[in-house]
Each structure stands twice: as C-alpha cells, then as structure tokens.
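In what follows, a structure is listed as structure tokens, so that the remarks can point back to it.
Atom set for the values below is all heavy atoms of this structure, side chains included, hydrogens, waters and symmetry mates excluded.
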Amino acid sequence: MGVCELCGRNGVETTVHHLLPKEMGGTFGSTATLCIPCHKQIHALYTNEEIAARLTTLREMREDEKLSRFIKWLRKQPPTKLMKIKKSNERKQKGR
C-alpha cells in the first residue's frame, strides 16, 4: 500500500504510470506512482497520443479539466473502495 502521487490518497494499492507512454518512447522515462483508479481514469479518458501530447507531468494531469474533476471526487472516497472505470464516450469513438 502506498500514496498516489496524483490524488494524494494514502493506503491505496499503486501502479507505475509512465508519464510518456511506453509506445511513444517513454519506456525508460519518468514514471509516477498512481492508485489504480487514477491510472485507469487517465487511460479511459485519453489515448496514448493525447497523453504524450499534453499530459506528461503530474501538474498537467492535475490541471486537466476532466481529470481534476475526477481527482476532486476521488479524494473523498475511502482507499478501500472499488470502483468501475469506463472509457469516455469520446474515447470510445476514437477507438473505432
């Protein structure tokens, strides 16, 4: 259990997020320790191309309108809460 660098919740299961997606050249680049809901939400909202273009720092992610709303909500949730993350409708359409 650890602390999420994006939402700041403590006692959460964490994963490693490549700030520049691996497929875009970020295999050996900077990473962030994120809770699973934050990590899934980033990838549910944005393609790797979008992440590489404008969300390669924690600050950029926190300032993103959609992510900041999610983070604000998530901070109120207990670290043990399991949640289902769905791809945004925009993201679903881009995947076609």
Evaluate the side-chain contact (heavy atoms from CB on, under 4.5 Å) criterion for residues Val3 and Thr33: first the C-alpha distance (whole Å), next the side-chain angles of each, then the deciding distance (0.1 Å), finally the verdict. CA-CA 8 Å; Val3 178; Thr33 302; over 6 Å; no
Fellow cluster residues of Met24, listed by chain then number, with links counted only when side-chain atoms sit under 4.5 Å apart: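 Besides Met24, the hydrophobic cluster comprises Leu20, listed by chain and residue number.
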Kindly work out whether a path of hydrophobic side-chain contacts (I/L/V/M/F/W/Y, heavy atoms less than 4.5 Å apart) joins Leu19 to Leu6.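 Shared cluster, yes.
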So if you build clusters from Ile, Leu, Val, Met, Phe, Trp, Tyr with side-chain heavy-atom gaps below 4.5 Å, do Leu58 and Leu45 land together?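 Yes, it is one cluster - the side chains of Leu58 and Leu45 are joined through contacts under 4.5 Å.
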I'd like to know if the side chain of Ser68 and the backbone of Asp64 have a donor-acceptor N/O pair within less than 3.5 Å.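 Present.
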Would the distance check show the side chain of Glu60 and the main-chain N or O of Thr56 forming a donor-acceptor pair, the cut-off being under 3.5 Å?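 Such a contact is found between Glu60 side chain and Thr56 backbone.
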When rounded to the nearest 0.5 angstrom, what distance separates [atom1] in [X] from [atom2] in [Y]?
X	Y	atom1	atom2	value
Lys22	Phe28	NZ	CZ	10.0 Å
Cys35	Leu74	SG	CG	5.0 Å
Cys38	Arg62	SG	CZ	9.5 Å

I would like to know whether Gln41 and Ile71 meet side-chain contact (heavy atoms from CB on, under 4.5 Å); could you show each step before the answer? CA-CA 10 Å; Gln41 185 71 8; Ile71 292 165; over 6 Å; no
What pairs with Glu63 under salt bridge (charged side-chain N to carboxylate O under 4.0 Å, His left out), at least two apart in sequence or on another chain?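 Scan of Glu63 (salt bridge (charged side-chain N to carboxylate O under 4.0 Å, His left out), adjacent residues dropped) gives Arg59.
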Can you name the salt bridge (charged side-chain N to carboxylate O under 4.0 Å, His left out) partners of Arg75, sequence neighbours left out?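 Expected list: none.
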Check the pair Leu55, Glu50 against side-chain contact (heavy atoms from CB on, under 4.5 Å), reporting the backbone distance first and the verdict last. CA-CA 7 Å; Leu55 296 170; Glu50 291 171 307; 5.8 Å; no
Non-hydrogen atoms of Glu23 and Asn48 that approach each other most closely: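 So the minimum-distance heavy-atom pair works out to CD-ND2, 3.3 Å.
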Quick one: are Arg9 and Pro37 in side-chain contact, heavy atoms under 4.5 Å?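 Yes, side chains in contact.
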Please table the atom pairs, donor to acceptor, closer than 3.5 Å between any side-chain atom in residues 10-18 and protein atoms at least two apart or in another chain.
from: Thr15; atom 1: OG1; to: Leu34; atom 2: O; distance (Å): 3.4
from: Thr15; atom 1: OG1; to: His39; atom 2: ND1; distance (Å): 2.7
from: His17; atom 1: ND1; to: His39; atom 2: NE2; distance (Å): 3.2

